[in-house]
Amino acid sequence: MGGSGDEYAQYRIVSVAAGASHSLAVTAGGVVLAFGRAGIVGSWGVRVARRAGGATTAAAAAAAAAAAAADLSDCLVPQPVAWFLDSGVHVLKVAASVDYSAAVDCLGRVFMWGSGYCGCLGNASEANEVLPRVGRGSCILE
């Protein structure tokens with residue numbers, strides 16, 4: 001544990017957000033980094049997205065959720081959220097809450113993932129989302 005931090009020197013951070021037990025950062029290149037407690041639904045998404053291999057189908061998301069359930073260990077150093085990289089999404093800003101996260105990309109789309117309790121993800125349900133998804137009827141931020 002520890003380390004000099006030199007492995008992260010290539011990242012120029014332009015946006016950060018802190019949730020209750022996880023944090024997110026965005027690099028100048030639009031990469032989302034996440035670290036902290038994994039949470040019950042992978043609210044920050046590192047291991048879930050890595051296991052999903054960038055899959056975007058419902059079946060792949062379900063498989064990723066099942067795989068992630070076996071690996072909810074904490075992430076003590078910043079790690080890229082692979083889903084954004086694999087999907088070619090360039091993120092500008094992030095937000096973090098108790099058990100869900102949000103990101104805004106360069107096109108103004110709002111992506112949400114984590115706990116869907118009380119419909120907080122904007123996907124017209126209370127379903128949890130283990131991969132970032134654009135909310136149903138999502139507005140475009142300018």
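Values below: all heavy atoms of this structure, side chains included; hydrogens, waters and symmetry mates excluded.
Minimum interatomic distance between Ala95 and Ala17 (heavy atoms only, all atoms of both residues): CA-CB, 3.6 Å. The two residues Ala25 and Val94 make their nearest non-hydrogen contact at N-CG2, 4.3 Å. Between Val14 and Leu92, the closest heavy-atom pair is CG2-O, 4.5 Å. Heavy-atom minimum distance, Ala96 versus Gly19: CB-N, 3.5 Å. Between Ala103 and Val91 the shortest heavy-atom distance is CB-CG1, 3.9 Å.
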Per-pair distances, 0.1 Å, donor-acceptor, side chain in residues 27-34, under 3.5 Å, sequence neighbours excluded:
{"residue": "Thr27", "atom": "OG1", "partner": "Gly29", "partner atom": "N", "Å": "3.2"}
{"residue": "Thr27", "atom": "OG1", "partner": "Gly30", "partner atom": "N", "Å": "3.4"}
{"residue": "Thr27", "atom": "OG1", "partner": "Val31", "partner atom": "N", "Å": "3.1"}

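Taking NE2 of His22 as the reference point, atom OG of Ser97 lies at 7.5 Å (rounded to 0.5 Å). Between the CZ atom in Arg133 and the CH2 atom in Trp113 there is a gap of 12.0 Å [rounded to 0.5 Å]. In this structure, Phe111 CZ and Phe84 CZ are separated by 6.5 Å, a value rounded to the nearest 0.5 Å.
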